[in-house]
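Structure below; questions to follow.
Note that the structure is predicted; figures quoted are calculated from it, not measured. Lettering follows sequence order; numbering is per chain, from 1.
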Amino acid sequence: MLKSIDCGQLRADHNEQEVTIAGWVNRRRDHGGLIFIDLRDSTGLVQVVFHPDSPDIFATAERFRSEWVVQVRGKVRMRPNGTENPNLDTGAVEVVATEATVLNASKTPPFDVNQDAPVDELLRMRYRYLDLRRTHMRENLRLRHRIVKFIRDYLDDLRFIEIETPILIKSTPEGARDYLVPSRNHPGNFYALPQSPQQLKQMLMVAGADRYFQIARCFRDEDLRADRQPEFTQLDLEMAFVEPDDVIDMMVDLYIKMAQALAPQKELILPVPRLTYADAMSRFGSDKPDLRFGLEISDLTDIVAGSEFQVFSNVVRDGGMVKGFNAPGYGDITRRQIDELVSVARTYGAGGLVIIGLDAAAESIDALTTDHVRTPAKALSIEEIKAIATRVGAVPGDLILIAAGAQPKVEPVLGQLRLNIAERLGLNDRNKLAFCVVTDFPALEWLEDSQRWHAMHHPFTAPQDDQWDLLETDPGAVIAKAYDLAANGSELAGGSIRIHQRAQQERVFAALGYPQAEVDELFGHLLEAFEYGAPPHGGFAGGIDRLVVTFSDTAESIRDAIAFPKTQAGVDPLFGAPSPVASAQLDDLHIAIVTVDEPEA
RNA sequence: GGCCCGAUCGUCCAGUGGUUAGGACAGCGCCCUGUCAAGGCGCAGACACGAGUUCAAAUCUCGUUCGGGUCGCCA
């Protein structure tokens, strides 16, 4: 080894010891007659002192610059009285250099590696190896490692075994776009990269591996987001002979224990509440509600059903609903802020948004007069407004936000406004950790655009036992044995009990409108397997990258949880992928590139 | 595919029609023996690209490219 101890490990215990350390020059403080170097490795920093008594060593240290890689031999000693640095784990001691070697010089880095100040994303990715040297990123990678290790240890104790499944599999469209890999040996044929090992793990259940898991890479060729990368990592898990509560209880236990062990600095809100999908949508306008704060949504339909304010009463007459929630202390909102809220509502498909501002000068809700009320809905009577305010729990000085329309539109709009208001009021405290289990998801949802039913979770999800007959009569009403785990408004894991019998699986495919030929072609292998004693089974999958962000104190996006992420355009700026390939490679793959000129607009 | 935001020294920011385009950090030079975001003095260093408006553009408009956010999309 080129070092005898790690920089970050030096303590008073090592006083008087001869050590050899090596690392990067984090900072240099040159006093002319005395030079301090903060030497950094993956474990932390330690201060090295160079005295001019040994001119050769001193001259070497004078050349040191940021990010040079150096080796120092020296003696550990207690720092002189009054010069200890309490901000540093190694701050009680320093290393007095007796030998110094430059292992490798460094160009001046394109950004500061020794501080966590913001840097342009493109530059960070272009020089990712420098970005990863920074404290926050180093900590995020370490956190990620600990999460994965925790999961493996936890599941190993429960007799789960990790089984690798192939990365080159068969394309089964429906759902996300597949990444395709051309086959050299089979011209015109393609492998696909897995969007998840879903069907593979079900095959493993049939195979009798009744407690399976995998830290699995998944690929989806869709547009990116702050919380979405084209390749990402999931804890993929499946068990045989289980019912929903078995999986849910284990999932919750795993995540709680992980949070307690790996994010102890967060205020964990326990016990973890369980909501049905219908409740979550109704009360929070989201199937992954952020329960760090209230701002609960109330139904106002009965209050305004007969209102003079026809925007509301007409919606009720047409079978819609009117719902709203209270933003405490936000009654003095500016015109501009109102416009922003309306624009948020529009983005999520609302026709509009009605706000009611309550003047803080009013004595109470009972004492409200029209002078205390600021709203564009002039036709609302003061009695109606009082009833609304009481229902949503508003007091003078608050702001009430109301949306009207069909249920599937109103609730998500209010859900988004709720998050927006929470952000404005600073309620989304990143030091809190609020898990939440959502159950009883609908099995199918109607896609307006393509005019067909589609599986909300995936088509292998089992309907609840008493729901089967609805598949043919009222598909949208079918409730599935599906469940999610959310934390702070982010979906962390989702799963279900799967169908394990051929006839039942075919019945669901039929309800989804799949032609028989397509079912045979895409899912024949799975249906056949079900005929050979497939056990009842279920499981879940949870995103590792998002979990790192949730547990981290500094990660802002999923990119901060991944060593080598891609830009929003799916580009890797470090390696320059994707890139053209040599024509010989294309020939091997029987691929010809056809350039199509864009038609003039 | 749509919408929104952004692009100024190496980095991070300031700069709302006429500026010697400013600062901090980094870099370079000089000084400095107890600093730890060391300090002092000095030097060097930038308006993404292309059109347009204007007497005059970093600044206004359009486009391109790139980055970010988001809707669609993500079974």
- prompt: Closest to the A/Asp120 side chain: B/G68, B/G34, B/C12?
  reply: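 Nearest listed nucleotide: B/C12.
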message: Regarding A/Arg27, tell me which of base, sugar-phosphate or nothing describes its non-hydrogen contacts under 4.0 Å with the strands shown.
response: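 Result for A/Arg27 = sugar-phosphate.
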query: A/Lys409 has an atom NZ; how far is it from atom C1' of B/C71, in whole Å?
result: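 Computing the A/Lys409:NZ to B/C71:C1' distance gives 13 Å.
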Touch class at under 4.0 angstrom, heavy-atom based, for A/Arg65 against every strand present: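 Touches sugar-phosphate only.
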- prompt: Among B/G69, B/C36, B/G67, which is the nearest nucleotide to the side chain of A/Leu88?
  reply: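 The answer is B/C36.
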message: Students often get this wrong, so: under 4.0 angstrom with heavy atoms, is A/Leu123 touching a base, only sugar-phosphate, or nothing?
response: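 Answer is sugar-phosphate: A/Leu123 comes under 4.0 Å of backbone atoms only.
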query: Among the nucleotides B/U35, B/U70, B/C32, which one has an atom lying closest to any side-chain atom of A/Arg29?
result: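 For the A/Arg29 side chain, the nearest candidate turns out to be B/U35.
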Atom-pair distance (CZ on A/Arg28; C1' on B/G27), nearest Å: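 Between C1' of B/G27 and CZ of A/Arg28: 11 Å.
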query: So what does A/Glu340 hit on the nucleic acid, given a heavy-atom distance under 4.0 Å: a base, only sugar-phosphate, or nothing?
result: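 The answer is nothing, as A/Glu340 stays clear of every strand by at least 4.0 Å.
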- prompt: What do you reckon, are the aromatic ring centroids of A/Tyr277 and A/Phe441 less than 6.0 Å apart?
  reply: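 Under 6.0 Å, so yes.
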- prompt: What is the nucleic acid contact for A/Pro459, judged by heavy atoms within less than 4.0 Å: base, sugar-phosphate only, or nothing?
  reply: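 Base contact - A/Pro459 has a heavy atom under 4.0 Å of at least one base atom.
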- prompt: So what does A/Ala117 hit on the nucleic acid, given a heavy-atom distance under 4.0 Å: a base, only sugar-phosphate, or nothing?
  reply: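 Nothing, no heavy atom under 4.0 Å.
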message: I'd like to know if A/Arg220 reaches the base of B/C73 with its side chain, counting only an N/O donor and acceptor under 3.5 Å.
response: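 No.
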query: Is A/Arg77 touching bases, backbone alone, or none of the nucleic acid, heavy atoms closer than 4.0 Å?
result: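 Base contact.
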- request: Measure the distance from CD on A/Glu121 to C1' on B/C12 and round it to the nearest whole Å.
  value: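 It is 15 Å, rounded to the nearest whole Å.
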message: Using ring centroids (six-membered ring only for Trp), state whether A/Trp24 and A/Trp68 fall under 6.0 Å.
response: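 No - the distance between ring centres of A/Trp68 and A/Trp24 does not fall below the 6.0 Å cut-off.
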task: Go through B/A26, B/G34, B/C36 for me and flag the one nearest to the A/Thr108 side chain.
output: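 Minimum distance to the A/Thr108 side chain belongs to B/A26.
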message: Under 4.0 Å, heavy atoms only, any strand: does A/Pro52 hit a base, just the sugar-phosphate, or nothing?
response: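 Since a base atom lies under 4.0 Å of A/Pro52, the category is base.
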Separation of atom NE2 in A/His31 from atom P in B/A38, rounded to whole Å: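 Checked: the NE2 to P distance equals 9 Å.
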